[in-house]
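All values derive from a computational prediction rather than experimental measurement. In what follows, every chain begins at residue 1, and chains take the letters A, B, ... in the order their sequences are listed.
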2 protein chains.
Amino acid sequence: MNEDKIIVSIVEDTDDIREALRVLINGSTGFECVHVFADAEEALDNMPANDINVVLMDINLPGMDGIGCMKTLKPSMPDTQFMMCTVYDDDDHIFNALQSGASGYILKRTSPAQILEAIRDLHEGGSPMSSEIARRVVYSMQQNNKPSEAIELLTDRETQILDFLAKGYLYKEIAVELFISKETVKKHIHNIYEKLHVQTRTEALNKAYHV
Amino acid sequence: MNEDKIIVSIVEDTDDIREALRVLINGSTGFECVHVFADAEEALDNMPANDINVVLMDINLPGMDGIGCMKTLKPSMPDTQFMMCTVYDDDDHIFNALQSGASGYILKRTSPAQILEAIRDLHEGGSPMSSEIARRVVYSMQQNNKPSEAIELLTDRETQILDFLAKGYLYKEIAVELFISKETVKKHIHNIYEKLHVQTRTEALNKAYHV
DNA sequence: AAGTCAATAACCCTTTCGGGTAATTTTTTA
DNA sequence: TAAAAAATTACCCGAAAGGGTTATTGACTT
């Protein structure tokens, strides 16, 4: 379509905000907004599958929320970037939105100039988000992959065996890998369970890795 | 200490860059750089535990790298923010650094003014990173928690039972939860294993969730 | 109306898991 | 050097998991 302009679509239930955004975008060189929708259902029914570069999506919509709407739309719009534009700045919303496929996340209090800048940035392959939002993302990432403190209780050998358990190895397979008897493997695992206060493999893994 | 100034420390092996950063920081109001180190070992030996607000850390150092250095320093410097300042912009380095405790990540080609801005931002609780870096982070986050395609093969009931398996429930416990017989649970699980081509609970969980 | 799929349930059978206990050897620490 | 911790192996035992098979029911499709 028009290669000079970034084609933007808006899903936002508050009339004033929706219109303000539309006017902002259509009044700026290099941007164009043809389609606006007041709720998720309207967007799902009428959003054109092609030719949309960026969707500005409010999270708090009546009925289906913006994240659900994006999840539904995204498969049929592989070349479109989604930017959440919302008042929520809590970890759950941020994390959920980004994990569900949003590439940008800005707050509604963002200035008009910054909104335009964010749209351009998103369209050019960036992930616009404020520095505080980035910190939330980084923090949650750090929490994710860190093994729990529980693992500190384990000896090196026990940790090693726990890793095999995580891969789904049988006792006898671990025994072969480590050149020890199956009974020894069992004893180690028994000790691991005692230290972690669990009774099964899955409980142990949930406790040792994961949050 | 001095509450007006942001106290910065630098770990960087290239003499020119290290000196340029020191001069930049000491020449700017509101910033001060007293300690600079040419490698990780020197930093570990001489870094003061307190009074450092921000550490600018190069990743590519001779001997121990910057990420390892940060990991070692961090426990004794809980109030200090680490910012990686490097030429690497690949996913592995970015992800590794942030997951290991860095709160900011900037590239060496960042302009002096932006470096100062990033330091201030970091000190005020943000996570400065360029928009492209943010995109990498978001992308990796999206990859992480998405269930594999394998799960598409499962029926609703099977997915539901798989969730119980993930929590470590016994067959009979699942049976009680769902008001069905233990044999039925077993049959469902058997079907799940067949669809996923696995033989054990842990293998199934690894295949269904996770990469 | 016939056929498929999903959910339900039961039976037989073997392997694996995990608890309890005891004992020996090696390594580490006090 | 003595004591403590970690790693090793073995045996008994019951519970749980998992393979294979068969069958009934209801819902959906053709």
Side-chain angles (χ1 to χ4, degrees), chain A residues 44 71-72 75 146-211, chain B residues 71-72 75-76 146-211:
Chain A
L44 293 180
K71 276 187 185 170
T72 314
K146 84 158 185 239
S148 80
E149 325 73 44
I151 219 170
E152 309 287 341
L153 301 166
L154 305 182
T155 68
D156 289 350
R157 195 57 153 176
E158 286 163 355
T159 307
Q160 186 184 22
I161 287 178
L162 190 64
D163 286 338
F164 281 111
L165 281 187
K167 294 182 203 154
Y169 281 50
L170 302 178
Y171 289 9
K172 59 178 173 185
E173 290 173 336
I174 300 175
V176 170
E177 288 291 324
L178 299 180
F179 307 106
I180 57 182
S181 85
K182 194 177 72 177
E183 286 298 315
T184 306
V185 173
K186 188 177 137 184
K187 178 61 176 166
H188 280 304
I189 291 171
H190 188 263
N191 291 339
I192 292 172
Y193 290 177
E194 270 194 341
K195 289 185 182 177
L196 301 184
H197 304 297
V198 296
Q199 274 83 40
T200 70
R201 177 191 292 237
T202 307
E203 286 174 336
L205 296 176
N206 284 339
K207 205 148 203 169
Y209 308 108
H210 184 49
V211 212
Chain B
K71 276 187 185 171
T72 314
S76 59
K146 83 157 186 242
S148 79
E149 325 74 43
I151 219 171
E152 309 287 341
L153 301 167
L154 306 181
T155 67
D156 289 349
R157 194 57 153 177
E158 285 163 355
T159 307
Q160 187 183 23
I161 287 178
L162 191 65
D163 285 339
F164 282 111
L165 282 187
K167 295 182 204 154
Y169 280 49
L170 302 178
Y171 288 9
K172 59 179 175 185
E173 290 172 335
I174 300 175
V176 169
E177 288 291 324
L178 299 179
F179 307 106
I180 56 181
S181 85
K182 193 178 73 177
E183 286 299 315
T184 305
V185 173
K186 190 176 137 185
K187 178 62 176 165
H188 280 304
I189 291 172
H190 189 261
N191 290 338
I192 292 172
Y193 290 177
E194 268 195 342
K195 289 185 182 177
L196 301 184
H197 305 295
V198 296
Q199 273 83 42
T200 70
R201 176 191 293 238
T202 306
E203 285 175 335
L205 296 176
N206 283 340
K207 205 147 203 171
Y209 308 108
H210 185 51
V211 213

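- Rounded to whole angstrom, the span from the CD atom of A:Q160 across to the P atom of D:dA6 amounts to 15 Å.
- A:H190 has no side-chain polar atom (N or O) that falls below the 4.0 Å cut-off from OP1 or OP2 of C:dG18.
- Across C:dG18, C:dA10, D:dG19, the shortest atom-to-atom separation from the side chain of B:E183 is found for C:dA10.
- Side-chain nitrogen and oxygen atoms of B:T200 include none within less than 4.0 Å of the OP1 or OP2 phosphate oxygen of D:dG18.
- Following rounding to the nearest Å, A:E194 (CD) and C:dG19 (P) show an atom-to-atom distance of 8 Å.
- Residue A:K195 contributes atom NZ, which lies 17 Å from atom P of C:dG18 at whole-angstrom precision.
- Among the atoms of the strands shown, only primed sugar atoms or phosphate atoms (P, OP1, OP2) are found under 4.0 Å from some heavy atom of A:T155.
- Considering only side-chain atoms of A:I180, the nucleotide from C:dC12, D:dT9, D:dT22 that sits closest is D:dT9.
- Mapped onto DNA chain C by nearest heavy atom, B:S181 and B:K186 fall at different nucleotides, with B:S181 at the one closer to the 5' end.
- Looking at A:E203 and B:K167, no side-chain N of the basic residue comes within less than 4.0 Å of a carboxylate O on the acidic one, giving no salt bridge.
- With distances taken from any side-chain atom of B:H188 to the nucleotides C:dA7, C:dG19, D:dT8, the minimum falls on C:dA7.
- Contact check, B:Y193 against D:dG18: a side-chain N or O comes under 4.0 Å of OP1 or OP2.
- Taking atom CD1 of A:I174 as the reference point, atom C1' of D:dT9 lies 16 Å away to the nearest angstrom.
- Judged by distance alone, the side chains of A:Y209 and A:D163 do bring a donor and an acceptor atom under 3.5 Å apart.
- Contact between the side-chain N/O atoms of B:K172 and the OP1/OP2 oxygens of D:dA16 is found at a separation under 4.0 Å.
- For A:L170, the side-chain atoms get nearest to C:dC17 when compared with the rest of C:dT8, D:dT8, C:dC17.
- Between the side chain of A:T184 and the main chain of A:I180, no donor-acceptor pair closer than 3.5 Å is present.
- For B:R201 (side chain) and B:L165 (main-chain N/O), a donor-acceptor pair under 3.5 Å exists by modelled atom type.
- For the pair A:I192 CD1 and C:dG19 C1', the interatomic distance rounds to 15 Å; values are reported in whole Å.
- Of the possible polar contacts, one joining the B:N206 side chain to the A:A166 backbone as a donor-acceptor pair under 3.5 Å is found.
- Here the C1' atom of nucleotide D:dG14 and the CD atom of A:Q199 are 15 Å apart, to the nearest Å.
- A distance-only check finds no donor-acceptor pair linking the side chain of A:E194 to the backbone of A:N191 [under 3.5 Å].
- Note on A:Y171: a side-chain N or O is less than 4.0 Å away from OP1 or OP2 of C:dG18.
- Checking the phosphate oxygens (OP1, OP2) of C:dC17, a side-chain nitrogen or oxygen of A:R201 falls inside 4.0 Å.
- Closest to the A:K187 side chain, of the nucleotides C:dG19, C:dA22, C:dC12, is C:dA22.
- Across all strands, B:T184 comes closer than 4.0 Å to base atoms (heavy-atom distances).
- If you check every strand for non-hydrogen atoms under 4.0 Å, B:K182 touches nothing.
- With rounding to whole Å, B:I189 atom CD1 is found 14 Å from C:dA7 atom C1'.
- If you take CG of B:N191 and C1' of C:dA9, they are 13 Å apart, rounded to a whole angstrom.
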